[in-house]
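Structure record follows, encoded as structure tokens.
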2 protein chains.
Amino acid sequence: MLLEIDLTSTIALYQQIRDQIVYGIGSGRLVPGELLPTVRQLAEDLGINAMTVNKAYTLLKQEGMIVTDRRQGTRVTENPAQSRLPSDYRTRLSLLLAEGAAKSADPAQFRAEVLRILAELQGGGQ
Amino acid sequence: MLLEIDLTSTIALYQQIRDQIVYGIGSGRLVPGELLPTVRQLAEDLGINAMTVNKAYTLLKQEGMIVTDRRQGTRVTENPAQSRLPSDYRTRLSLLLAEGAAKSADPAQFRAEVLRILAELQGGGQ
DNA sequence: TGTTTGTATTATAACTCGTATAACACAAGT
DNA sequence: ACTTGTGTTATACGAGTTATAATACAAACA
């Protein structure tokens, strides 16, 4: 998967990297077990410092998205299974859904929108 | 609606205020046209500076959630209708859904979770 | 005129971000 | 043994941003 960053964005570089990898995993374009670039390699490709990439990887590791071995490198986590979504995540999702509901005219219409976005994610992958 | 803030939280005070009002509107506990406390009143209730409350209100105003008049005070926006959700919002939702999908074992199960959270929001409101 | 509303300005301490550099620990290959 | 290539840790730094506050200003209404 090709990663791209926008140096002019207000979103932090490490956050952009993290977001794209999360999106890649969630959409199925990155599969469990898949090998990611090394921190140094990705840093060079993007023309940024390796510590910035490391920061993104550290974040993803804390989120349980990736796993690292000393020598093998970094891989997408094999066992995606968490029986129940973290309460922290549920809170964030609930808030974001509330925001969408507040901006929408009709609840049913908003519900359909959410399902469409989810289907698009899991289907096309982008 | 009673607002509460956590002074020890890492989330900024103005963000906590903003989030709770968004949640209130999205869940229906705050209805269009409803009058919100004045910046000074809310600041006093919470024991914080009025400018911090103003920052939350400014944010909400930019999001189109509330409307302010000089003398009348601040109200929940009357016309919730935006024909289509802002693309910015869709991007954020897509990313958050991707995160959830990445953390879930089964896509269908995750879909059901999302619908449950949405139903809980629009039904009980908490 | 006085009160109450939101707003603008300014200040400041704290934090963030990205970078840079270096060193470390580990595992595998040679 | 030695080298190589992983991720990791530590430290530092400077530009920029954030969060909160104190104060003063502007507008609307009774």
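Letters go in sequence order (proteins before strands), and every chain restarts at 1. These values consider heavy atoms only, across backbone and side chains, with no hydrogens, waters or symmetry-generated copies.
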Run the side-chain contact (heavy atoms from CB on, under 4.5 Å) check on B:Tyr23 and B:Leu30 step by step: do they pass?
CA-CA 9 Å; B:Tyr23 193 85; B:Leu30 286 175; over 6 Å; no

Nucleotide N/O to protein N/O under 3.5 Å, stretch nucleotides 3-8 of chain C:
{"residue": "C:dT4", "atom": "O4'", "partner": "B:Arg71", "partner atom": "NH1", "Å": "3.1"}
{"residue": "C:dT4", "atom": "O2", "partner": "B:Arg71", "partner atom": "NH1", "Å": "2.6"}
{"residue": "C:dG6", "atom": "OP1", "partner": "B:Thr74", "partner atom": "OG1", "Å": "3.1"}
{"residue": "C:dG6", "atom": "OP2", "partner": "B:Val39", "partner atom": "N", "Å": "3.1"}
{"residue": "C:dG6", "atom": "N7", "partner": "B:Arg40", "partner atom": "NH1", "Å": "2.8"}
{"residue": "C:dG6", "atom": "O6", "partner": "B:Arg40", "partner atom": "NH2", "Å": "2.7"}
{"residue": "C:dG6", "atom": "N2", "partner": "B:Arg70", "partner atom": "NH1", "Å": "3.2"}
{"residue": "C:dG6", "atom": "N3", "partner": "B:Arg70", "partner atom": "NH1", "Å": "2.9"}
{"residue": "C:dT7", "atom": "OP1", "partner": "B:Lys61", "partner atom": "NZ", "Å": "2.5"}
{"residue": "C:dT7", "atom": "OP2", "partner": "B:Asn54", "partner atom": "ND2", "Å": "3.3"}

Please give, in whole Å, the distance from [N] [atom2] to [X] [atom1]?
X: A:Asn49; N: D:dG14; atom1: CG; atom2: P; answer: 17 Å
X: A:Tyr14; N: D:dT8; atom1: OH; atom2: C1'; answer: 18 Å
X: B:Glu44; N: D:dT20; atom1: CD; atom2: P; answer: 19 Å
X: B:Leu7; N: D:dA21; atom1: CG; atom2: C1'; answer: 14 Å
X: A:Ile11; N: D:dT17; atom1: CD1; atom2: P; answer: 15 Å
X: B:Asp19; N: D:dA19; atom1: CG; atom2: P; answer: 12 Å
X: B:Arg18; N: D:dT18; atom1: CZ; atom2: P; answer: 15 Å
X: B:Gln16; N: D:dT20; atom1: CD; atom2: C1'; answer: 13 Å

side-chain N/O B:Thr52 vs D:dA19 OP1/OP2, d < 4.0 Å:
no

Working to the nearest 0.5 angstrom, can you tell me the gap between A:Lys61 NZ and A:Ile66 CD1?
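Between A:Lys61 NZ and A:Ile66 CD1, I get 7.5 Å after rounding to 0.5 Å.
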
Hey, could you give me the CD1/CG distance between B:Ile117 and A:Leu85, rounded to the nearest 0.5 Å?
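One finds 6.5 Å between CD1 of B:Ile117 and CG of A:Leu85.
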
Could you tell me whether a side-chain N or O of B:Ser94 sits under 3.5 Å from a main-chain N or O of B:Arg90, the two making a donor and an acceptor?
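Pair absent, no side-chain N/O of B:Ser94 close to backbone of B:Arg90.
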
Tell me, yes or no, whether the heavy-atom count around A:Glu34 atom CD, taken from other residues, nucleotides or ligands under 6.0 Å, exceeds 12.
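Yes - once you tally the heavy atoms of other residues, nucleotides and ligands closer than 6.0 Å, there are more than 12.
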
What do you reckon, is CZ of A:Arg18 surrounded by more than 12 foreign heavy atoms closer than 6.0 Å?
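Buried by this count: over 12 neighbours within 6.0 Å.
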
Can you tell me which nucleotide in C:dG18, D:dA21, C:dA20 comes closest to the side chain of B:Ile48?
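Closest of the options to the side chain of B:Ile48: D:dA21.
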
